[in-house]
Amino acid sequence: MFDYVIVGAGFAGSVLAERLASQSNKKILLIDKRNHIGGNAYDFYNQDGILIHKYGPHIFHTNSEDIFNYLSKFTKWRHYEHKVLASVENQLLPIPINLDTVNRLYGHNFTSEELAAYFEKVGEKIETIRTSEDVVVSQIGRDLYEKFFKGYTLKQWGCDPSQLDKMVTSRIPTRTNQDDRYFTDKFQYMPLQGYTRMFENMLDHPNIYIMLNTDFAEVKDYFDYRKIIYTGPVDEYFDYCYGKLPYRSLRFEHSTVDTPTFQKVAVVNYPVTEKFTRITEYKHLTGQEHSKTSITHEYPCWDGDPYYPVPKPENALLYQQYKELAELLPNVHFVGRLGTYRYYNMDQVVGQALTLYKKLSGEENLLSEESISNHKKIHLNGFALPKTDGVVQVQ
């Protein structure tokens with residue numbers, strides 16, 4: 001008997017598995033469809049021996065000391081401040097837009113005060129900010145919006161920024177100084193030995209059993225459990241009874257280049273030209289020294305794994321229907337980006353999981369623990385797994 005079945009071995013599922021196992025002595029079965037732990041943050045050494053992120057760049061940043069301290073239990077860190085350039089009019093310019101971006105693009109010599117006045121002049125007056133387009137054109141005007149945001153957003157989301165909720169572009173600041181960091185959070189680090197090693201340390205507990213290459217819907221009747229924590233798509237859990245929630249997906253083209261470096265920074269955006277949105281070079285993130293370098297071209301698409309909930313009003317209404325169904329299930333908890341149909345940064349997912357753990361650990365009348373008996377342990381990717389009657393473990 002498992003106390004919890006947790007579906008999804010990304011940040012949300014792994015944090016909850018670790019907390020429930022180590023702090024509440026619960027027996028956990030952690031299931032994932034993929035052949036690895038770590039969710040979209042999974043990294044690995046490719047055939048050239050270069051550490052890359054399989055699902056595109058993941059940069060950890062947070063202002064929460066509690067979240068940083070929690071993850072520090074499982075990894076040492078490499079200090080890293082993320083910087084991004086955008087390819088616009090044959091120049092590589094800092095993004096988020098700052099003083100240097102504008103001066104180099106237009107050949108100006110603005111001071112910070114003069115740039116603020118310029119933004120005030122070119123910004124369009126919009127009474128009520130509703131869309132992603134509204135956010136940008138009201139702050140920096142139509143020309144910068146067209147050059148840096150419109151094309152990138154069209155590629156990224158498959159629709160015009162005027163159709164998307166304001167939260168998409170409001171996440172990206174505009175600066176009047178020369179700060180070229182993408183994030184300004186207090187804690188900006190990369191796991192020293194990679195995300196996968198951090199997840200391995202997090203899940204290294206005798207109460208945690210892991211099944212990979214496993215679809216929960218296909219095996220849920222083969223073992224006994226008391227509660228479910230579900231981090232997969234909420235519409236999938238309910239068999240799409242109200243219809244599918246739209247998600248934007250990504251296609252990655254990984255390659256290795258026979259040169260020590262490929263570009264000046266980890267990520268270069270292509271908001272106007274090219275079919276891909278950005279190129280990532282991982283050695284900037286990891287600090288790895290190697291005679292070659294690995295890069296990834298990123299192509300947004302509709303087919304493939306769900307990555308980004310599409311922030312449109314009609315999608316929010318559809319999710320609300322699923323949310324109401326979820327609230328009727330006291331022993332099933334939905335968490336994470338897919339489980340709650342919201343775009344979260346990694347630290348936000350960790351925070352959400354820690355909050356749910358506090359709620360679960362504080363509930364009254366918790367069922368008493370039962371030991372798991374009559375199981376034979378096998379190993380998959382270095383983890384001890386139970387071989388349950390009727391369930392085939394596939395590697």
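A donor atom on one side chain and an acceptor atom on the other are not found under 3.5 Å apart for Ser22 and His205. Using a 3.5 Å distance cut-off with no hydrogens or angles, the side chains of Ser112 and Thr176 do not pair a donor with an acceptor. Donor-acceptor pairing under 3.5 Å is recorded for the side chains of Trp77 and Ser72. There is no side-chain donor-acceptor pair under 3.5 Å between Asn63 and Lys186. In summary, the side chains of Asn98 and Asn177 do not present any donor paired with an acceptor at a separation below 3.5 Å, with no hydrogens or angles considered.
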List the steps and the verdict of ring-ring contact (aromatic ring centres under 6.0 Å, His included) for Phe334 and Tyr237.
CA-CA 10 Å; Phe334 295 85; Tyr237 183 88; 5.1 Å; yes
Passes salt bridge (charged side-chain N to carboxylate O under 4.0 Å, His left out), Glu133 versus Arg142? Steps please.
CA-CA 9 Å; Glu133 179 180 295; Arg142 181 88 29 193; 3.4 Å; yes
Does His53 form a ring-ring contact (aromatic ring centres under 6.0 Å, His included) with Phe60? I'd like the steps, not just the answer.
CA-CA 13 Å; His53 297 184; Phe60 182 79; over 10 Å; no
Could you walk me through whether Thr293 and Glu281 pass the side chain to side chain donor-acceptor pair (under 3.5 Å) check?
CA-CA 7 Å; Thr293 191; Glu281 183 178 8; 2.7 Å; yes
Salt bridge (charged side-chain N to carboxylate O under 4.0 Å, His left out) between Lys121 and Glu114, worked out
CA-CA 10 Å; Lys121 177 183 176 181; Glu114 289 169 339; over 6 Å; no
Carefully, step by step, assess Lys83 and Glu81 under the rule salt bridge (charged side-chain N to carboxylate O under 4.0 Å, His left out).
CA-CA 7 Å; Lys83 296 183 180 181; Glu81 292 185 333; 5.7 Å; no
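A distance-only check finds a donor-acceptor pair linking the side chain of Asp43 to the backbone of Tyr195 [under 3.5 Å]. Although no hydrogens or angles enter the test, the distance criterion places a donor-acceptor pair under 3.5 Å between the side chain of Gln263 and the main chain of Ile279. Judged by distance alone, the side chain of Asn345 and the main-chain N or O of Gln348 form no donor-acceptor pair under 3.5 Å. A donor-acceptor pair is defined here as one N or O able to donate and one able to accept, closer than 3.5 Å; such a pair exists between the side chain of Asn46 and the backbone of Asp48. With Glu146 contributing its side chain and Asp143 its backbone, the two residues share no donor-acceptor pair below 3.5 Å. Between the side chain of His82 and the main chain of Tyr182, no donor-acceptor pair closer than 3.5 Å is present. Between the side chain of Lys155 and the backbone N or O of Glu274, at least one donor-acceptor pair lies under 3.5 Å. A distance-only check finds no donor-acceptor pair linking the side chain of Thr259 to the backbone of Phe262 [under 3.5 Å]. Of the possible donor and acceptor atoms, none in the side chain of Arg278 sits under 3.5 Å from a partner among the backbone N and O of Tyr299. With hydrogens and angles disregarded, no donor-acceptor distance shorter than 3.5 Å links the side chain of Gln188 to the backbone of Thr62.
Within 6.0 Å of CZ in Arg342 there are 12 or fewer heavy atoms belonging to other residues, nucleotides or ligands. Lys283 NZ: more than 12 foreign heavy atoms inside a 6.0 Å radius. The local environment of CD in Glu289 is sparse, with at most 12 non-hydrogen atoms from other residues, nucleotides or ligands closer than 6.0 Å. No more than 12 heavy atoms of other residues, nucleotides or ligands shown are found within 6.0 angstrom of CZ on Arg197. Under a cut-off of 6.0 angstrom, the local environment of CG in Asn109 is sparse, with at most 12 non-hydrogen atoms contributed by other residues, nucleotides or ligands. A 6.0 Å sphere centred on CD of Gln47 holds no more than 12 heavy atoms belonging to other residues, nucleotides or ligands. Heavy-atom contacts from other residues, nucleotides or ligands closer than 6.0 Å to CD of Glu127 number 12 or fewer. Within 6.0 Å of CD on Glu327 lie more than 12 heavy atoms contributed by other residues, nucleotides or ligands.
Taking the six-membered ring where the residue is Trp, the centroids of His58 and Phe199 are separated by 6.0 Å or more. With ring centers used as reference points, Phe2 lies 6.0 Å or more from Tyr4. For Tyr343 and Tyr308, the distance between ring centers is under 6.0 angstrom. In this structure, the ring of Tyr189 has its center no less than 6.0 angstrom from the ring center of Tyr80.
We find the OH-CZ distance between Tyr70 and Phe68 to be 14.5 Å, quoted to the nearest 0.5 Å. Distance CG/Asn331 to CZ/Arg226: 11.0 Å, rounded to 0.5 Å. In this structure, OH in Tyr209 is found 13.0 Å from CG in Leu30, a value given to the nearest 0.5 Å. Between Asp66 atom CG and Asp347 atom CG the span is 12.0 Å, to the nearest 0.5 Å. Residue Asp100 holds its CG atom at 10.5 Å from CG of Asp179, rounded to the nearest 0.5 Å. To the nearest 0.5 Å, the span separating CG on Asn269 from CZ on Phe148 amounts to 10.0 Å.
By the 4.5 Å heavy-atom criterion applied to side chains, Leu164 and Cys159 are counted as neighbours.
Note: Tyr341 and Tyr319 have parallel aromatic rings, judged against thresholds of 30 and 60 degrees for the angle between ring planes.
Considering Thr214, Leu29, Val5 in turn, Thr214 is the only one that fulfils the side-chain contact (heavy atoms from CB on, under 4.5 Å) rule with Val219.
In this structure Arg34 satisfies the salt bridge (charged side-chain N to carboxylate O under 4.0 Å, His left out) test together with Asp305, sequence neighbours excluded.
Here the closest non-hydrogen pair linking Leu99 and Thr111 is CD1-O, 3.7 Å.
Within the structure, salt bridge (charged side-chain N to carboxylate O under 4.0 Å, His left out) contacts touching residues 86-98 (residues at least two apart or in different chains) are Glu89-Lys147.
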